[in-house]
Number of protein chains: 4
Amino acid sequence: MADSMRRTLGVQKGARSSQVVKAVLSATTAELSRGGYAGLTIEAVAKAAGVNRTTVYRRWPTRAALLAAVLEPLLARYDVVPDTGSSCHDLSVLLQTVRDNAELPEGQAFTEASRSTSAELQDLMSAALHRALAPFHAVLTRAVERAEIEPEQRDLIAQLAFFGAVMWTQTHPKPLTDAECDDMAQLLLPAAADAGTR
Amino acid sequence: MADSMRRTLGVQKGARSSQVVKAVLSATTAELSRGGYAGLTIEAVAKAAGVNRTTVYRRWPTRAALLAAVLEPLLARYDVVPDTGSSCHDLSVLLQTVRDNAELPEGQAFTEASRSTSAELQDLMSAALHRALAPFHAVLTRAVERAEIEPEQRDLIAQLAFFGAVMWTQTHPKPLTDAECDDMAQLLLPAAADAGTR
Amino acid sequence: MADSMRRTLGVQKGARSSQVVKAVLSATTAELSRGGYAGLTIEAVAKAAGVNRTTVYRRWPTRAALLAAVLEPLLARYDVVPDTGSSCHDLSVLLQTVRDNAELPEGQAFTEASRSTSAELQDLMSAALHRALAPFHAVLTRAVERAEIEPEQRDLIAQLAFFGAVMWTQTHPKPLTDAECDDMAQLLLPAAADAGTR
Amino acid sequence: MADSMRRTLGVQKGARSSQVVKAVLSATTAELSRGGYAGLTIEAVAKAAGVNRTTVYRRWPTRAALLAAVLEPLLARYDVVPDTGSSCHDLSVLLQTVRDNAELPEGQAFTEASRSTSAELQDLMSAALHRALAPFHAVLTRAVERAEIEPEQRDLIAQLAFFGAVMWTQTHPKPLTDAECDDMAQLLLPAAADAGTR
DNA sequence: TTATAATCGAGACGGTACGTCACGTCTTAGT
DNA sequence: ACTAAGACGTGACGTACCGTCTCGATTATAA
């Protein structure tokens, strides 16, 4: 039953396997950078990685799996919550992380794919979204505790901050600067901004 | 020369043509509602419209053209700038418009497609984005004139408001309520909110 | 009933109609010269003639009809039977006629189309073949009367002579010369050749 | 590089592949028998063979390739030169081979296609023609050596004999009989016929 | 050290959709 | 009354990837 598929399960210790993995994943980001997720084909990835098409299929059965694999490092950055003492600054730091991710092809592909209706992607993407939003909620929960914002504003601010940064390049030719991240944070956390300034 | 491509140019007077157009466009929204833009195939649209595939190609040479056609009514709603006297309320009205659009399959497809790297879409989508953002800028320019916000905050607020509303359903199971639109507007325009309150 | 088709039946007196006919027919030979009968499309003919596609269809409902129209002048040359006194020379003259026709694009298309299995062509082509073979039979019948060949050889010789000339360009880069026509005639009618020589 | 086109190159060991090949080729001759080469569509061949259309394309990229494949056995018959001692009889044997081939749908398609102007066919067909004419030239070269014909008559006789037989069914309802083959050979090789008779 | 299991490359296949071309028919105008 | 122009359904084209399967051929891990 498991044999019928002959699917690759884990990464072998040997150098060969890990090289294949590395080659495929970097080929994937390369392919994502031109064409985005919509233009991502297993065929092209395999060719770019110098690997047989079936080999890719064995380890990553779907396009979504490939995306997930390549997305992991970006999401890992959201696993640490900044804590500088100032909510406003914490938020700004998070926005900078978002910006850094959004500049990478994988990051672009993420926002592109997050709108997809495909079932396989839906789960992956909503999980990733929650992971990315988590530090925002953490920082803003602290802001609530410091009485800088009302509790019921928390989610709204997280929403505005996160997507404001994610979608920045949609409307602006250049990526967010650090100063603009600060502006955005101050706009959304006026009380915290005052505290930091004075 | 016009003959050389044998492409359908305008809608004929006859009932036949206009019926075809209607059938195809509504089939397009139907197909968009399941599968989104990524899952939109001319084949399926044609079948759902009870029309031959080539007929679709003649009038809408690309998938993007089909999307543009079906998107037009939504974008038209952004052509009127609300003017209720209160900037905060104007903004809220715009957010409600965004929400209404985002609930429709065409609207979802719009945000999905706007992230695409495809050349044909790029132009169409950036034009649509500008059209959708225009009323936001108009309303906020009035807010600047009323000294409710700083001039340099204008674009930033437009950005946060627009994408905050557009991406709402990414993080929330239910669409924006009118009250939430008000909250969002007040958060972004605190001075104008005060004015309206007093 | 007849109106439902709205088919053009005869050539109108006016200059316009006859001009259309001329333009289409010469466009047809032009198209035949590149692509042959297999590559002949109504679309291309209409465009080359500067005429609408439907106009062509009305007057020549099928590709075969177009071919027939353009073939007529070539077949007309077979309606006169040479009579120089020498069977051998008569045959040579016929072979030269075949060669002249075979050099024209219509002639090439004729031999190409004559092998077709299409029903509409079958009739047209077999009729044309008979018309082309008729003078051969006439000349050879005279040869039989002159006791230059056996009666039962008549059809065989006609067959060899006609197709030998028609298919000449299949195996030779240059068309038949007059001398080669003579050689061929003498080979097939040795008795008549002797008579002419002495 | 071999992967880049994903084209089927050779016949695999497995029974599957060879069965596909067999099915497609016999379907091709079946389709040729109705419609001829002009009416041959990959679509119909695939359907008749119970095979997917793309599978056909992979192994035989063009219609011409399909024809060539199906033609090969017929052409192979021309690779052996008859040598019965009598030039006249040798020629008759060749004519019978031509007749046998011309009765098969592939043979009909061959003569049909040989008149085509298509580039892809041109090469294939001229090569096939040379292959078919080769034994004629061989037999007639022997006849020259036996002083039965003049050297400069050789090609002319080959031309007349070959095409006379090939085109036989154009003008006759029934295929060539063996006796008629003999007649034709004797007509073209009178000296050799005498030798055989005495 | 040699089995044994995991992984890979290669070739082939059925299948879906693409975008294009030409077909032949029909309707609606425009002279 | 003809022709023009526009539109449509239809069939076939050749291509691109898809996802699956079956073979060997390698390559590691373990008896």
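In what follows, chains carry the letters A, B, and so on, assigned in the order in which the sequence lines appear, proteins first and then strands, with residues in each chain numbered from 1.
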For A:Glu112, salt bridge (Lys or Arg N to Asp or Glu O under 4.0 Å) partners two or more places apart: none
Set of salt bridge (Lys or Arg N to Asp or Glu O under 4.0 Å) partners for B:Glu106, sequence neighbours left out: none
Partners passing side-chain contact (heavy atoms from CB on, under 4.5 Å) against D:Asn52 (at least two apart in sequence or in another chain): D:Thr54, D:Thr55
Gap between atoms CD and C1', on B:Gln19 and F:dG9 respectively (whole Å): 16 Å
Distance-only donor-acceptor test (3.5 Å): side chain D:Arg58, base E:dG14: yes
Side-chain N or O of B:Arg63 closer than 4.0 Å to phosphate OP1/OP2 of E:dG19: no
Below 4.0 Å: OP1/OP2 of F:dT3 and any side-chain N or O of C:Arg59: yes
For residues 62-74 of chain A, dump all side-chain donor-acceptor pairs below 3.5 Å to protein atoms at least two apart in sequence or in another chain.
residue : atom : partner  : partner atom : Å
A:Thr62 : OG1  : A:Ala64  : N            : 3.3
A:Thr62 : OG1  : A:Ala65  : N            : 3.0
A:Thr62 : OG1  : A:Glu120 : OE1          : 3.3
A:Arg63 : NH1  : A:Tyr37  : O            : 2.8
A:Arg63 : NH1  : A:Leu40  : O            : 3.2
A:Glu72 : OE1  : A:Arg131 : NH1          : 3.2
A:Glu72 : OE2  : A:Arg131 : NH2          : 2.9

Trace of the side chain to side chain contact (heavy atoms under 4.5 Å, CB included) decision for A:Leu32 with A:Gln108: CA-CA 8 Å; A:Leu32 280 175; A:Gln108 308 235 16; over 6 Å; no
Contacting residues from residues 40-57 of chain B, given that a heavy atom lies under 4.0 angstrom of DNA chain E: B:Thr41, B:Ile42, B:Glu43, B:Arg53, B:Thr54, B:Tyr57
Distance-only donor-acceptor hits, side chain of residues 20-27 of chain A, under 3.5 Å, sequence neighbours excluded:
residue : atom : partner : partner atom : Å
A:Ser26 : OG   : A:Ala23 : O            : 3.4

